[in-house]
Chemist: 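First the structure, which I've put down as structure tokens, then a few questions once you've had a look.
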Amino acid sequence: MMFIHFDGHFDGSSGRRVQSSGIAKTGSANCANCANSLEVTLLVIFDCDGVLVDSEPLANASFSRALKAQGLDWSAEETIRRLMGLSLKSALEICEAEISRKLPDDFLEKMQAVTYQSFRDAPLMPVAGVKEAVLALQAAGVATCVASSGTPEKMRFTLGLTGLWDLFDGRIFSASQVPRGKPFPDLFLHAAIAMDVQPFECTVVEDAVPGVQAARAAGMRALAYAGAPHAHREALQAAGGRLFDDMKQLPDLVLS
């Protein structure tokens, strides 16, 4: 077991360790089974879609329509069930396996254009209460960042459209930056390294089973937001996530 001693706390907006506090912490970077029992969180890692921005229904409706045009008759609900939380690369590979052929070269470009327009038209909104929760965590000295299966371009668009970009600017990580997306731990470990924290000092906020699996595989605590109608509550809990239904609960869950 690896023991680490750290004297100090974090600036919640920058993620940097500042001033000595005389608090010692010990833990194991590889202890997936003990991560949910940690008493202190120094970094909260947020998923983006469905956790920060309420994009899943809109995005999966667009994805469903695009797939039907290619002969794959999945409803938006089926698309959510099968693909939510996966990287776009993994999702497209699954769809191509279902139809036993490659999707057209311009499939993604056309689908993204339709999806972005639906975000503008709706308009896309932040998840209720999440901005206040992030600000409360930052005010308490907890560092925050985003680690999403979405591309950097998509996150810039959605977080910008919903007024959340400035809360995380400079601390946004994408599955496109690592070899393997969720449910593998690569992305969350990459974020922890970039933010200069140990995995056992991290709490991940997720709404999808692959994300919870990735967090637990990384040895991190997993809080599973299940406030959306499409949330797979039993599966999230079975994967190792602690369920919660309201973002107003998040600061207390992290800080208690």
Side-chain angles (χ1 to χ4, degrees), residues 32 45-53 55-116 119 145-159 172-192 194 204-220 222 224-225 228 230-232 235-236 238-241:
I45 304 174
F46 288 88
D47 179 41
C48 186
D49 294 300
V51 170
L52 294 175
V53 298
S55 56
E56 293 291 4
L58 293 169
N60 282 280
S62 294
F63 205 167
S64 172
R65 289 192 295 270
L67 290 174
K68 285 180 181 179
Q70 297 300 319
L72 185 54
D73 191 14
W74 284 356
S75 66
E77 292 74 21
E78 182 74 357
T79 306
I80 288 175
R81 186 181 71 81
R82 289 177 178 256
L83 305 177
M84 192 171 101
L86 298 175
S87 69
L88 193 54
K89 178 177 181 290
S90 296
L92 293 178
E93 288 173 351
I94 289 171
C95 295
E96 288 175 338
E98 285 288 324
I99 61 176
S100 301
R101 62 176 172 82
K102 297 286 288 183
L103 290 163
D105 291 341
D106 61 352
F107 175 85
L108 182 57
E109 180 182 356
K110 288 183 176 179
M111 183 187 73
Q112 293 281 53
V114 172
T115 301
Y116 286 10
F119 289 165
C145 70
V146 180
S148 171
S149 295
T151 63
E153 295 77 19
K154 182 182 178 183
M155 285 187 280
R156 177 175 287 278
F157 179 78
T158 60
L159 293 173
I172 297 175
F173 307 101
S174 167
S176 63
Q177 298 172 297
V178 295
R180 303 176 300 178
K182 306 169 189 178
F184 295 99
D186 303 29
L187 177 57
F188 291 141
L189 293 174
H190 172 72
V204 174
V205 185
E206 267 285 353
D207 69 323
V209 171
V212 171
Q213 291 171 331
R216 303 300 289 134
M220 300 177 181
Y225 175 64
H230 58 261
H232 302 314
L236 288 167

Chemist: Mind running side chain to side chain contact (heavy atoms under 4.5 Å, CB included) on F184 and L189 for me, showing each step along the way?
Modeler: CA-CA 10 Å; F184 295 99; L189 293 174; over 6 Å; no
Chemist: Answer yes or no: is there a side-chain heavy-atom contact under 4.5 Å between F173 and L187?
Modeler: yes
Chemist: Measuring from R65:CZ to T115:OG1, what's the distance to the nearest 0.5 Å?
Modeler: 8.0 Å
Chemist: Could E77 and R81 be called an ion pair, given the rule that one side-chain N must be under 4.0 Å from one carboxylate O?
Modeler: no
Chemist: Show the nearest heavy-atom pair for residues A224 and G241, with the distance to one decimal.
Modeler: CB-CA, 4.1 Å
Chemist: If you compare all heavy atoms of V209 against all heavy atoms of L236, which two are closest, and at what distance to 0.1 Å?
Modeler: N-CD2, 3.7 Å
Chemist: Shortest non-hydrogen contact from E153 to Y116?
Modeler: C-OH, 4.2 Å
Chemist: Do F157 and T151 have side-chain heavy atoms sitting under 4.5 Å apart?
Modeler: no
Chemist: Please test C48 against V53 for side chain to side chain contact (heavy atoms under 4.5 Å, CB included), starting from the C-alpha separation and ending with a verdict.
Modeler: CA-CA 6 Å; C48 186; V53 298; 4.0 Å; yes
Chemist: How close do A175 and S149 get, counting heavy atoms only, and between which atoms?
Modeler: CB-CA, 3.9 Å
Chemist: Give a yes or no on whether the backbone of L103 and the side-chain of E96 come within a donor-acceptor separation of less than 3.5 Å.
Modeler: yes
Chemist: Which atom pair, heavy atoms only, marks the closest approach of S148 to K182?
Modeler: CA-NZ, 4.0 Å
Chemist: Would you indicate whether the side-chain heavy atoms of M220 and I45 approach each other to under 4.5 Å?
Modeler: yes
Chemist: Would you say that L83 contacts C95 through its side chain, given a criterion of any heavy-atom pair below 4.5 Å between the two side chains?
Modeler: yes
Chemist: Is there side-chain contact between L67 and F107, with at least one heavy-atom pair below 4.5 Å?
Modeler: yes
Chemist: Nearest heavy-atom pair of V212 and A222: which atoms, and what distance?
Modeler: CG1-CB, 4.1 Å
Chemist: Which value, rounded to the nearest 0.5 Å, describes the distance between L72 atom CG and S64 atom OG?
Modeler: 8.5 Å
Chemist: Are any of the side-chain heavy atoms of D47 and V204 separated by less than 4.5 Å?
Modeler: no
Chemist: Tell me, yes or no, whether the heavy-atom count around D106 atom CG, taken from other residues, nucleotides or ligands under 6.0 Å, exceeds 12.
Modeler: yes
Chemist: Can you measure from CD1 (I99) to CD1 (I94) and round to the nearest 0.5 angstrom?
Modeler: 13.0 Å
Chemist: With side chains defined as the heavy atoms from C-beta onward, is the minimum distance between P152 and I172 less than 4.5 Å?
Modeler: no
Chemist: For the CZ atom of F63 and the CE atom of M84, what is their distance to the nearest 0.5 Å?
Modeler: 14.0 Å
Chemist: Look up atom CD in E93 and atom CD in E98, then write down how far apart they are to the nearest 0.5 Å.
Modeler: 13.5 Å
Chemist: Counting neighbours of NZ on K68 that are heavy atoms of other residues, nucleotides or ligands and sit closer than 6.0 Å, is the number greater than 12?
Modeler: yes
Chemist: Say you draw a straight line from CZ of F46 to CG of D207; how long is it, rounded to the nearest 0.5 Å?
Modeler: 12.5 Å
Chemist: Less than 4.5 Å apart, side chain to side chain, heavy atoms only: is that true for Q112 and L88?
Modeler: yes
